[in-house]
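Written below as structure tokens is the structure these notes are about.
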Amino acid sequence: MQINNGDNAWLLISSALVMLMTPGLALFYGGMVRRKNMLSTIMMSFMALGLIGVLWVLYGYSLSFGKDFGGVIGGLNFIGLKNVGQEPSTIYATTVPHLTFMIFQGMFAIITVALITGAVVERMKFSAILVFSIIWFTIVYCPIAHWVWGGGWLTNLGALDFAGGNVVHINAGMSALALAILLGPRKGYKNGANMGPANVPFIIIGASLLWFGWFGFNAGSALTSSGLASNAFVATNISAATAALCWMLLNWFYYRPTVSGIATGAVAGLVAITPAAGFIKPIMGIPIGIGASIICFYIMRLRNKTRIDESLDVWAIHGIGGTWGALATGIFANISVNSAGVNGLINGNPILVGKQLLSIIVIWIYSFGMTWIIGKLIDITIGLRVSETEEIIGLDISQHGESI
Amino acid sequence: MQINNGDNAWLLISSALVMLMTPGLALFYGGMVRRKNMLSTIMMSFMALGLIGVLWVLYGYSLSFGKDFGGVIGGLNFIGLKNVGQEPSTIYATTVPHLTFMIFQGMFAIITVALITGAVVERMKFSAILVFSIIWFTIVYCPIAHWVWGGGWLTNLGALDFAGGNVVHINAGMSALALAILLGPRKGYKNGANMGPANVPFIIIGASLLWFGWFGFNAGSALTSSGLASNAFVATNISAATAALCWMLLNWFYYRPTVSGIATGAVAGLVAITPAAGFIKPIMGIPIGIGASIICFYIMRLRNKTRIDESLDVWAIHGIGGTWGALATGIFANISVNSAGVNGLINGNPILVGKQLLSIIVIWIYSFGMTWIIGKLIDITIGLRVSETEEIIGLDISQHGESI
Amino acid sequence: MQINNGDNAWLLISSALVMLMTPGLALFYGGMVRRKNMLSTIMMSFMALGLIGVLWVLYGYSLSFGKDFGGVIGGLNFIGLKNVGQEPSTIYATTVPHLTFMIFQGMFAIITVALITGAVVERMKFSAILVFSIIWFTIVYCPIAHWVWGGGWLTNLGALDFAGGNVVHINAGMSALALAILLGPRKGYKNGANMGPANVPFIIIGASLLWFGWFGFNAGSALTSSGLASNAFVATNISAATAALCWMLLNWFYYRPTVSGIATGAVAGLVAITPAAGFIKPIMGIPIGIGASIICFYIMRLRNKTRIDESLDVWAIHGIGGTWGALATGIFANISVNSAGVNGLINGNPILVGKQLLSIIVIWIYSFGMTWIIGKLIDITIGLRVSETEEIIGLDISQHGESI
Amino acid sequence: MQKIEAIIREDNFNPIKIALEEKGFISMTVSDVMGRGKQKGIALKWRAAEHRIEFLPKKKIELVVEDNDLQTVLDIICKTGKTGNIGDGKIFVMPIAEVIRIRTGDKGTEAL
Amino acid sequence: MQKIEAIIREDNFNPIKIALEEKGFISMTVSDVMGRGKQKGIALKWRAAEHRIEFLPKKKIELVVEDNDLQTVLDIICKTGKTGNIGDGKIFVMPIAEVIRIRTGDKGTEAL
Amino acid sequence: MQKIEAIIREDNFNPIKIALEEKGFISMTVSDVMGRGKQKGIALKWRAAEHRIEFLPKKKIELVVEDNDLQTVLDIICKTGKTGNIGDGKIFVMPIAEVIRIRTGDKGTEAL
Ligand SMILES: Nc1ncnc2c1ncn2[C@@H]1O[C@H](COP(=O)(O)OP(=O)(O)O)[C@@H](O)[C@H]1O
Ligand SMILES: Nc1ncnc2c1ncn2[C@@H]1O[C@H](COP(=O)(O)OP(=O)(O)O)[C@@H](O)[C@H]1O
Ligand SMILES: Nc1ncnc2c1ncn2[C@@H]1O[C@H](COP(=O)(O)OP(=O)(O)O)[C@@H](O)[C@H]1O
């Protein structure tokens, strides 16, 4: 097919926007940890831009979007960007260069790996993170991306995931939980040490860049600059705004309307709308945003009552927020929005909820289980965690030889 | 009409750019206050993303752009995004989805509310800000947006406002002045307390994001990615650059070329070009920028000599800068730039200056007056201002229970 | 020709992205100096947005892209934006308004001037920087831009420079070196004083904005949103990712994987791919990125062993990184990527390496020599360097009367 | 000689500085500290969990003066720094054995 | 009256604060300092060059107490602040000549 | 034992630190302060209004030493920290009643 320059402009800038989410996340996370671990936390996200950026073009794209093998994994036909050129693909995003589609997808892989690191900050060895990221990317991310988007078995099942609720958020959230349990809590956690955020303005800068970039994430996932892109764009903004507002009120109900709270609420709303943005009427962003806020807020409080130090609540926000979003897609989907979609529960098709549930369960189990295995293997080989002294000194100095 | 994918790509990214201006403003303002009020200042802007983001889709868009009622207000035909879909509107921005036009306009409403807060930092109750924002948005912003852009009486009068000089800047500036007077000065203002900026780098980051986002604000207001968009884009950059440079020199003449000064100058230039960008030759950005710098600089000095603590000079920069911009549009407008415009003074049509003046006066009076009334009402009901103790402790802790 | 709205959307947003690189650079540099010079360092970059922003439209564009005079300089036909309007140019970027092309090119001039300042931080008088910038822009930047892109003699020679490896990076790098030598080292340099970075998170924010903006820089240089833009976009990301990763490993080999190191590596990779991005297969970003990392890393170490205080290593990263990129273009160029290009060494055309080398040598000599002369003249007239007391107090206070 | 350490409100710093200046006490060293008095500060909350930041930002002024000037300086700080609300701060006075001006090597009263 | 200056680990600050609180020692002033003990800190590297940041962040607690309470407070800090690893910190005690509460002008023990 | 508080230029910190190190004085505590000497600092301007920031950033070094070592340390700081320009800084010396190492509970000279 012919390249549509408008579509390509939109997809290229969307790719750039999604790229910017990773530094945004670095700041969002970096602001939340203690001063002595801020750089190390930033580094955990930033390294993904390098590492996954390279692995994606070497083999990741091929495993995810290459010729399907039994619904399970992609082939090697795109290895090293072979056959990925300036011509459109015949299957994916047929109005833009194949290279555009490839890099847009690559940005998703990068941020997914970065998201997980929120669970392991302030105590995981940098070398262990690198090794983990390589393996996890290869045997968890790529297969799931293939199942959902690359012509794998979940695509064929008919479960809907517009922009990566399953592939990115549930996946990252469950993996985060597994790693956090394996690692154990930070020294001093629930034991007097002040784990408060080092730099709240960084949290808001980070959240703002995430919100900004998410327009590329969701509206870019329309793969054209059509009405569908606008639909996803508007739905995204509505859900983020609603969830931010709602979290602020919840926060206030219990205490005060905090800046870190409203930022977290916005992110929860962005997560929840991700799988739905191109399948629902934009105004449905309101119930989805409200749901995201309430569910994630209480789940976070619950998690906080346990001994599980899932430090920056990746599971609560992305895992559970993503799960809510996937279910909400099943509830609110409306075929009039997107002819490639189907109707959901409120439009008379309860079966979609079932399919969504099935895909959720699959990802929960696969992500958690595989991450557990990879984590265990790393733990018994090179070790997951820094030494006690290193943890006390802080990871900035002990892992990276630098301080803010 | 048919959707033009190039136009839609441009309008979507412009919407994202304008969205980013609000966090930019949060940093611009946040850097200027004292350390103990930085988060509260940031919060005042950021909350608009949530609050106005929701109100806009619920009813704001409809009041502003709905079916005209007597030139005064829009109808309820777009309430809850009813009739706002992926198809282009038949009236507004006919080459992009109606949803795109709606969200682009929504971003303007958000930043306008955020702009006002610069006047009330370090002393206004957060609850009062929320209540004020809701009422002000409903009975000040939406009507004015309707008058100027939604087919209301100012549209028909023939006054020109390309990207919101009236609706956004004069409006916000006059409202800021009214609120600042009602609130009274900060404790210690002109009485020894050091009110210097807490974080100058944040000021520059904020100004940079504003500049960046303003390309969407002004060039996006062409509503297509046509030559007119380019015209507005270039005019915007020229005015910003000129005003930044000129403010720096003025600053130097009296003292030193400060970083906060050059940033402020850039913003003044951006404000002044806003109503003009799509009606003038781009090179006219030079006189407009010079005018903006000189006028705002001296007005700011003047304001500073009074007891009116219009804390971050929203009135001086946006109110007066916007007024200059509206007049300048009347002076420099050139129909060869935009067939939907008219000629201005220097092209032989002095009557445009009169129309501009009329629209300025209307906004001055309406914004100031209505804000005064709303503010008074809030003052005698829930109160506008925090307690003295809370002010001393700082609003970060007293209003938001958080500190940087 | 007809305006293509998709192309124009892409070029406009690319211009905005390149504009954002200058504030990005301000933070990247600002984070690296001592606390007392942070604002002054930021100001050195930010002022270019004002100064060069104005000069460019007044005469810079005309000198660079105006009617050719003897292959050496452009004419005055575009002075004050005369003949630069909403219609496409007949020569440059024929599918977008001439204004778009003009402003896109202007953003390059701005950042080039800002880049140089990295060499002179913490000791050069602000007034001297302004004077230097005006002269240098006029007699160094504009001619070189003309030679390479404006129809000058290097265009005709057949040397390839896709997005400004010569014009921007080698040029800035060599000029930086000359100025640094003229200025001499900072007080205390290699003499005990701690010159460590004041704010490492700013370095990463800056590098991230640079990376983000570079998509506009390189992919925008395709001047359409075609497959070539996608090619450049992907090549850019691959090289940046590879170089970041590779620098991290080198850093680790000698010491630790630092945050400032990975950021620097990314920038080196971005620099090196700049001249090549639209002439090579994207996957060649891998060898180019590896080369950039290794070469710049060791050159930086070498430079560090000398007494030349080229403070933020503009020469090592941009000068040498750009040189490597220009050579790499000669090695890896592939005409199948871009019919306006030619094949390079590995595709059987060793002669291109020769042409690249020639253009490199010309720029090395011209930039270094002219900068030396301009610098000398300024030194003996108004003086290049602040007084010792001012240097001790710091430039923020002594030059700008402000502190962070 | 005596060293005065005064922990004061940030907003009172400027007036105190000016008042001291007027009486000729120009030299001083200032730093940012966090302080908590008898009122036990304020509890804070972060995202959904709670964490207490009970300390409020204060300025610490350090001033070394001759014994004769001690009372004058104490009076100025007390008078100017008083708002009457909890949190006005404390002054601590302690003896100094020696003062040296690095630039000249001067010692004792000479060096002040 | 005595002034106690304790240089402690950042992470031990909270437990020490709580332990002091329990015994009724609420007032104190805290600041961020960088410290280096016998172990000489850690060398760092920046980009390709080297620069040593040998100092590690510490919290400094300042507490003025009556002579009677001195031992109690010292014991609490020592007990709670001890991890047994190098870097636990030091306590310095010095005599105070006078204390004044700015709000009231109270002096001496009254003012504590 | 004596406590030395030296207020020095930020740029002189490194040389002083190294000079002390060479003589075996490794332990110290450092903080960032703002200082103003007799020259009254510098007035600043912000946007269009004026505000004075007369204080310049300085480093404060705190060093507790045995009485014997006092003179040596003072000499090192004076020599290395001297540029001869206004702003070189001051040194204050005050007596210490007690020193305790938190890790071991050691007191007095033992604890240094
Ligand atoms: N015993 C003490 N030791 C050290 N610092 C103290 C002591 N008492 C008070 N401070 C400091 O003085 C500040 C003001 O004390 P506070 O009790 O709040 O005010 P007031 O004396 O007006 O009641 C505190 O924030 C703390 O920094
Ligand atoms: N002689 C000293 N003078 C000033 N500060 C000191 C002195 N000795 C130690 N300190 C401070 O105490 C901190 C802890 O000392 P360190 O020697 O690391 O611990 P430990 O006493 O457990 O070995 C140091 O970081 C430094 O701030
Ligand atoms: N009397 C004092 N009390 C407290 N600090 C002082 C005093 N005198 C000087 N200082 C500190 O010493 C620093 C250097 O003093 P200054 O007078 O500028 O230098 P010099 O002694 O070389 O003239 C000041 O910035 C201030 O922090």
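The analysis underlying the following values was restricted to heavy atoms, covering all of them including side chains, and did not include hydrogens, waters or symmetry mates. Residue numbering restarts at 1 for every chain, and letters A, B, ... go by the order of the sequence lines.
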Between E:I4 and chain F, with a heavy-atom cut-off of 4.5 Å, which part of the residue counts as in contact: side chain, backbone, both or neither? neither
If I take atom CE from residue F:M28 and atom CD1 from residue E:I7, how far apart are they, to the nearest 0.5 angstrom? 13.0 Å
Can you check whether E:R36 reaches F:I26 side chain to side chain, under 4.5 Å on heavy atoms? yes
Who in residues 96-104 of chain F is close to chain E, using a strict under-4.5 Å heavy-atom cut-off? F:I96, F:A97, F:E98, F:V99, F:I100, F:R101, F:I102, F:R103
Are E:F92 and F:M1 side-chain neighbours, meaning at least one heavy-atom pair lies under 4.5 Å? no
When only heavy atoms count and the cut-off is under 4.5 Å, which of residues 59-72 of chain E reach chain F? E:K60, E:Q71
Which portion of E:D32 sits near chain F, non-hydrogen atoms under 4.5 angstrom: backbone
